[in-house]
Amino acid sequence: MADNWVKAADRSALGDGEVTGVVVAGHEIALYAIDGEIFATDDICTHAYAKLSDGWMERGEIECPLHAGRFEIKTGKATAPPCIDNVKTYPVRVEGDEIQVNLG
Ligand code: FES
């Protein structure tokens with residue numbers, strides 16, 4: 001993957017168990033804090049237009065607020081209908097207080 005790390009948010013702005021939506025270089029991305037680790041996926045659901053960052057995070061999954069489809073946050077795998085297509089994930093690193101995502 002190309003070395004295209006871009007700042008997405010301040011680490012201190014994301015509490016554990018929280019999800020937030022950000023726009024990074026024109027990409028709508030959801031950031032998740034789970035047990036001290038940060039993960040990133042596309043923010044837009046693969047089923048229709050809804051922001052996963054407006055959904056509910058539980059047991060490592062995000063539930064879409066529109067039709068209650070679900071995705072595994074770490075892998076992006078669709079785990080509950082009506083979602084069939086996986087959601088894209090992004091590599092994440094933390095540098096100081098910066099959450100950075102690799103857009104590839
Ligand atoms: Fe997400 Fe339908 S838009 S489940």
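As the structure lists them, so they are numbered: ligands from 1, and atoms in each ligand from 1. These numbers come from a predicted model, not from an experiment. Every heavy atom of this structure was used, including side-chain atoms; hydrogens, water molecules and symmetry mates were not.
- Counting the atoms of ligand 1 from 1 in the order shown, those under 4.0 Å from a heavy atom of A48 are 3 (S).
- Closest to atom 2 (Fe) of ligand 1 among the N, O or S atoms of H67 is ND1.
- Between F71 and A78, the closest heavy-atom pair is CD2-CA, 3.7 Å.
- Of the candidates R70, E61, E63, E63 is the only one forming a side-chain contact (heavy atoms from CB on, under 4.5 Å) with W56.
- Only the side chain of C45 comes within 4.0 Å of ligand 1, judged by heavy-atom distances.
- Only side-chain heavy atoms of C83 come within less than 4.0 Å of ligand 1; its backbone N, CA, C and O stay farther off.
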Verify side chain to side chain contact (heavy atoms under 4.5 Å, CB included) between V24 and Y90, making sure each step is shown before the conclusion.
CA-CA 12 Å; V24 184; Y90 297 88; over 6 Å; no
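- Considering all non-hydrogen atoms of both residues, A33 and I38 come closest at CB-CD1, 3.9 Å.
- For ligand 1, the atoms lying closer than 4.0 Å to a non-hydrogen atom of L66 are 3 (S).
- The atom of H47 that is an N, O or S and sits closest to atom 2 (Fe) of ligand 1 is ND1.
- Residues T41 and L52 share a closest heavy-atom pair of OG1-CD1, 4.3 Å.
- None of the N, O or S atoms belonging to C64 lies under 2.8 Å away from atom 2 (Fe) of ligand 1.
- At a cut-off of 3.5 Å, with distance as the only test, no side-chain donor of Y32 or S53 sits close to an acceptor on the other residue.
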